[in-house]
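Heads up, the thing below is written out as structure tokens.
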Number of protein chains: 2
Amino acid sequence: MVAGQGDGVSIVRPPRASRRAGLPDATVARLPEYLRALLAHAERGVETVSSDSLAAATGVNSAKLRKDLSYLGSYGIRGVGYDVAYLVQQISKELGLTQDWSVAIVGIGSLGHALANYGGFSSRGFRIVALIDADPAQVGETLAGVTVEPLDVLETVVRTRRVSIGVIATPAIAAQDVCDRLVAAGVMSILNFAPVLLTVPPGVDLRKVDLSLELQILACHAQRRLESPATPGRQEVLA
Amino acid sequence: MVAGQGDGVSIVRPPRASRRAGLPDATVARLPEYLRALLAHAERGVETVSSDSLAAATGVNSAKLRKDLSYLGSYGIRGVGYDVAYLVQQISKELGLTQDWSVAIVGIGSLGHALANYGGFSSRGFRIVALIDADPAQVGETLAGVTVEPLDVLETVVRTRRVSIGVIATPAIAAQDVCDRLVAAGVMSILNFAPVLLTVPPGVDLRKVDLSLELQILACHAQRRLESPATPGRQEVLA
DNA sequence: CGGTGTGAAGTTGTTCACAGCT
DNA sequence: AGCTGTGAACAACTTCACACCG
């Protein structure tokens, strides 16, 4: 599960809203998974993969995988499979990972620390160019090569370093303010880790990660397992 | 989006497989969100909410909210709305948050630190009863009142402290091994933060969180914004 | 043959619109 | 009057199954 919908655009609108370019949301959400598996294959020197084996490596149905890839174009070779290197290239391009994105993380508590140190960001073309915190005690510390700066330089930093993605890891209470300031400074993509609903003007892309959400879903399933001892639990592996 | 499907049961099977108890996956994924908003309302002393106002507070369509709540039973009062305290109670029960769950976190790197300190866990009935790390340098440190223990006590700890949920925050390379050991020790619910596909026996509930996934989706949208300057971006707020 | 690409069927989730309760 | 609960239409996503190609 992922993704509540809701086009920001309003007013009448013709029968069917235009998909920006193609690519269903569900597909986009799986591309990073495929990419990771492909990179792992490439590292092992594998040159081609079939949809079946790539599907096995990512835990999805192979028909779904083929359909996902077919949205990118017909890159497979019948009877053979897909060229690993080429597919890596195509998916990276589609995800916009062939260019670098400048990221600012606001809120350097333990989560902010973890995000700054997280290898998965820097390894994929996300360049952390600023760490910002309101607490003077944090300011000055250096993390992953970047020095923590105070909140009041946010606007300057966003503009001078051309920040295109803002990550909010502040306490809930501060999140909307930080968000507003990021948006006002020109950031169009925001990732929110604070447990609050943020609002942004139309055109700004806002996504949210809730660290306790999956834990609560696990608890819900566990609860149900306790209540109906007959039904065998089911295995879940999800994107 | 959430949840790949796939009932464990196999063989012929009558026309429609039985839903374990009700509750669509998409609904379960939203309940934590509703719960948070309801708790915020309760704190402000609000006693009843309409589906419209609760929907506004959580960023979902009000019809969807009513349908979600109707799966739990008919707890609303027509012409009035829902009783906040009662709804909190019902959702908590459904999510299994009325009882405590013992959680073990394995892998105390910066992410493990962040998870251990994250208030959203302990505040919802998730009791962190063990922190485990393979690195002797980490062992002995105390975090959020719990002391980090070495990897070889994993099985003992899981059994003696009745761990029901395991959180894996190790490097990718160690994750499957840790997962196997958790399962062998009797853990039936696992939350994986490591960027690899884990496999578990049927009956074990495995979920995954990928910290860089949402960032990659943001990049994908940003990329598309660059490519087709005409189309206005759309606002996204998701579960 | 082996494996991709895809129409068509099936399933799940969302939204509308309104009957019916309070 | 106001707001819930829900059937029915709609839309999105998944899976099947097979034509077709290398």
Side-chain angles (χ1 to χ4, degrees), chain A residues 1-7 10 12-20 22-31 34 48-56 58-84 86-87 90 236-239, chain B residues 1-7 10 13-20 22-31 34 48-56 58-84 86-87 90 237-239:
Chain A
M1 153 213 23
V2 173
Q5 208 60 325
D7 275 345
S10 43
V12 253
R13 231 189 353 182
R16 184 62 182 73
S18 64
R19 202 182 270 301
R20 280 142 355 275
L23 286 232
D25 288 345
T27 296
V28 171
R30 281 185 298 263
L31 289 181
Y34 302 154
T48 59
V49 268
S50 68
S51 62
D52 274 333
S53 67
L54 189 54
T58 51
V60 308
N61 178 301
S62 71
K64 176 153 64 177
L65 171 42
R66 287 199 300 280
K67 186 152 283 195
D68 282 343
L69 295 183
S70 78
Y71 288 122
L72 309 183
S74 285
Y75 298 143
I77 303 162
R78 294 178 189 225
V80 180
Y82 300 87
D83 182 273
V84 173
Y86 188 65
L87 207 46
Q90 292 305 318
E236 297 207 342
V237 182
L238 67 76
Chain B
M1 172 181 11
V2 173
Q5 208 55 327
D7 277 343
S10 45
R13 227 182 5 177
R16 186 64 182 74
S18 63
R19 204 183 268 300
R20 279 136 6 269
L23 288 228
D25 289 344
T27 297
V28 171
R30 283 186 295 263
L31 288 181
Y34 302 154
T48 59
V49 266
S50 67
S51 63
D52 274 332
S53 66
L54 189 54
T58 51
V60 308
N61 176 303
S62 72
K64 177 153 65 178
L65 171 44
R66 286 199 299 279
K67 186 152 282 194
D68 283 341
L69 295 182
S70 78
Y71 289 121
L72 308 182
S74 286
Y75 298 142
I77 303 162
R78 291 173 192 232
V80 180
Y82 300 86
D83 182 273
V84 173
Y86 188 65
L87 207 46
Q90 291 306 317
V237 182
L238 69 76

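In what follows, chains carry the letters A, B, and so on, assigned in the order in which the sequence lines appear, proteins first and then strands, with residues in each chain numbered from 1.
- In terms of position along DNA chain C, the nucleotide closest to I77(A) lies nearer the 5' end than the nucleotide closest to the other residue of the pair D68(B) and I77(A).
- At whole-Å resolution of the value, CG in L31(A) and C1' in dC13(D) are 15 Å apart.
- Under a 3.5 Å cut-off, the side chain of T58(B) and the backbone N or O of L54(B) do form a donor-acceptor pair.
- Heavy atoms of Y71(A) sit nowhere under 4.0 angstrom from any nucleic acid atom.
- One can place CG of L54(B) at 20 Å from P of dG2(D), the figure rounded to the nearest angstrom.
- When rounded to the nearest whole Å, the span between CG of L72(A) and C1' of dG5(C) equals 13 Å.
- Side-chain atoms of K67(A) come within donor-acceptor range of the base of dT15(D), with a qualifying N/O pair under 3.5 Å.
- Picking from dC13(D), dT4(D), dG13(C) the nucleotide with the shortest atom distance to the side chain of S51(B) gives dT4(D).
- Atom OG1 of T48(B) sits about 15.5 Å away from atom OH of Y86(B), to the nearest 0.5 Å.
- The side chain of K64(B) sits closest to dT14(C) out of dT14(C), dT15(D), dC16(C).
- Here the closest non-hydrogen pair linking A55(B) and S62(B) is CB-CA, 3.6 Å.
- When rounded to the nearest whole Å, the span between CG of D52(A) and C1' of dT15(D) equals 14 Å.
- In this structure the side chain of V60(B) never reaches within 4.5 angstrom of the side chain of D68(B), judged on heavy atoms.
- With dC16(C), dG22(D), dT4(C) as the candidates, the nucleotide lying closest to the side chain of Y82(A) is dT4(C).
- Looking at heavy atoms from C-beta onward, Y75(A) lies out of side-chain contact with L69(A) at the 4.5 angstrom threshold.
- In this structure, CG of N61(B) is placed 14 Å from C1' of dG5(D), rounded to the nearest angstrom.
- In this structure, CG on N61(A) lies 8.0 Å from CZ on R66(A), to the nearest 0.5 angstrom.
- Atom CG of L65(A) and atom C1' of dT6(C) are 14 Å apart (whole Å).
- Inter-residue side-chain proximity for L72(A) and L23(A) is flagged as met; some heavy-atom pair is nearer than 4.5 Å.
- At whole-Å resolution of the value, CD in Q90(B) and P in dT4(D) are 17 Å apart.
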Contact list (N/O, under 3.5 angstrom) for nucleotides 18-20 of chain D vs protein:
residue, atom, partner, partner atom, Å
dC20(D), O2, R78(A), NH1, 3.1

